[in-house]
Amino acid sequence: MNQLNVQQRKMVYAAIAVLLIIPIVFLGSPAGEAVGTGGLLAKSRYKNELGEASLGKVDPTSSTMNLVLLGLRGVAASVLWQKADHYKQTKNFSQLENTVESIILLQPHFKSVWEYQAWNLAFNVSAECDAVEDRFHWVKRGAKFMIRGSERNQKVPELFFETGRFFGQKIGRADEKNEFRKFFVNDPDQDQWKGGPDEEINPEGEDNYLVSSKWYKLANEALEYPGVEQHKMDLALFLAYPYRSLMDYAIARQEDGIQEDLDAMSQKERNEAYQVWAEITRKAWEKAYDQWTGQYGQQEIMTAGGGVIVMEPNMDKLQELAEAETTTLENKKEWQARYHKTTNYTYWKKRCEIEKREKMMQAHYMIAEGRRLHRDVGATDDARVYLAQGMELMEGVINQYDREDGSNSLLDDEESMVEEGLKAILVWRHTYEFVGEKPPEKFPLDRLWTSPQFQSQRDDLIDQFQAKFGAGTL
């Protein structure tokens, strides 16, 4: 190099500089408008969701922006979190929302910020409203916020899971659940949605539990990405939620009953309405059963310490898994039994199998119609007939689960069925006492009334019944 003159050295330096530019351009070229363009680093940032296009609406004159410009992004986010907590405590929800939006721009992949604000909108802000329609508006805002978070973080299964829980539990189990579930398919904002659903959260106009099931499935699918895990609960429980939502839907359809004005119908029209309701409900239980046993039950699930199992009692499959892991079939059966208890697998399988039967559908309808006729119409004789028929149908199903020792596996597990049967008996007996007659000593489901096993539950229901209706001794 010392033998080169000045002009030659300049040419060498220029050549080296040109050679260095090539890898710099290849590695560090910025992304263009098209998705996934730019150099190797830009493409890697896009692939791993590490790049941010801008800082958005962070106030350029604020101390937060000064921290960001100094490279203290984490400190800036901490300052905003403190402000958000202050605004929450002082119920300054407008400032809280703006602050959380700024946090998202700084920490878009921090799942807690999405969960925090969604919960805040749906629970804290909505609770400040008096009208149910207004509360539903803020619940929707929370759900939409959670949807944004899940769309922004495709590899975070917890956010998809929480979105499913919003639609299932917040809408389906809130104190206002009857109104919320109706609003979910017929939004109260008539100007925007014309009596249909809010298409941003329910584009197909489905029941909230069916939408919930879809989001839970997306949570399960997110686990298929390499290296992705969830940290909410045992994997077997996490994977069960899409199918449990189908059961929640079937239960809700069953409890909803016939939605039309039955008092304005003839008996023929009521029977036709019942047939429609029964078929929809039966198919809901049938679908829940098929997917619980056919999809979830056949899915290979990693346990906490027993390797991989399947929930359905398939001995050939368990033997195959045992051989692959060089363990015994007995070991696999033991772990399967543990997880049956953890997930209530056997109970829900039995529940679906029972509820999808036509006789069980008829029993539910007869009992519900008998209670309605006595309570709302005052048709005591008709109510008595419906209740007796429903009780008889229910007894026929229950008797199929009698054990040799005299116990009954269905009554041991199905507290809701015991309660429904006891309530039917209460109203049925009251139809006699209402007209000054004594109920017969023998009647369908009398085992529920006389068994010491259900005495506490029976006495509580009697107290509730007498407090509400002022009835005499039952």
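These numbers were taken from a predicted model, which means no experiment stands behind them.
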message: Side chains of Tyr225 and Val156, heavy atoms from C-beta outward: is any pair under 4.5 Å?
response: no

field: Residues which pass ring-ring contact (aromatic ring centres under 6.0 Å, His included) with Tyr249, listed by chain and number, not counting sequence neighbours
entry: none

- request: Could you walk me through whether Glu162 and Arg165 pass salt bridge (Lys or Arg N to Asp or Glu O under 4.0 Å), step by step?
  value: CA-CA 5 Å; Glu162 287 300 326; Arg165 186 146 67 174; 2.7 Å; yes

Below 4.0 angstrom, N of the basic side chain to O of the carboxylate: do [X] and [Y] qualify?
X      : Y      : value
Glu325 : Lys332 : yes
Glu200 : Lys140 : no
Arg447 : Glu395 : no
Glu279 : Arg282 : yes
Lys214 : Glu206 : yes

- prompt: With sequence neighbours left out, what residues match Glu320 under salt bridge (Lys or Arg N to Asp or Glu O under 4.0 Å)?
  reply: Lys317

task: Please confirm whether Tyr216 and Phe160 have ring centers closer than 6.0 angstrom.
output: no

message: Using the ring centroid of each side chain, check whether Tyr345 and Tyr339 are separated by less than 6.0 Å.
response: no

message: As a quick check of understanding, evaluate salt bridge (Lys or Arg N to Asp or Glu O under 4.0 Å) for Glu353 and Lys349, giving each step before the final call.
response: CA-CA 6 Å; Glu353 194 275 330; Lys349 179 180 178 179; over 6 Å; no

Mind telling me whether [Y] and [X] have parallel, tilted or perpendicular rings, with 30° and 60° as the class edges?
X      : Y      : answer
His430 : His374 : perpendicular
Phe180 : Phe136 : tilted
Trp114 : Phe145 : tilted
Trp428 : Phe443 : tilted

When you compare the side chains of [X] and [Y], does any donor N or O come within less than 3.5 Å of an acceptor on the partner?
X      : Y      : value
Gln400 : Arg357 : yes
Glu101 : Asn98  : no
Glu323 : Gln319 : yes

Show me the side-chain donor-acceptor pairs of residues 251-258 shorter than 3.5 Å, one per line, residues at least two apart or across chains.
unit_1 : atom_1 : unit_2 : atom_2 : d
Gln254 : OE1    : Trp285 : NE1    : 2.9
Gln254 : NE2    : His364 : NE2    : 3.2
Asp256 : OD1    : Arg181 : NH1    : 3.2
Asp256 : OD2    : Arg181 : NH1    : 2.9

query: Counting heavy atoms not belonging to Glu358, are there more than 12 under 6.0 Å from its CD?
result: yes

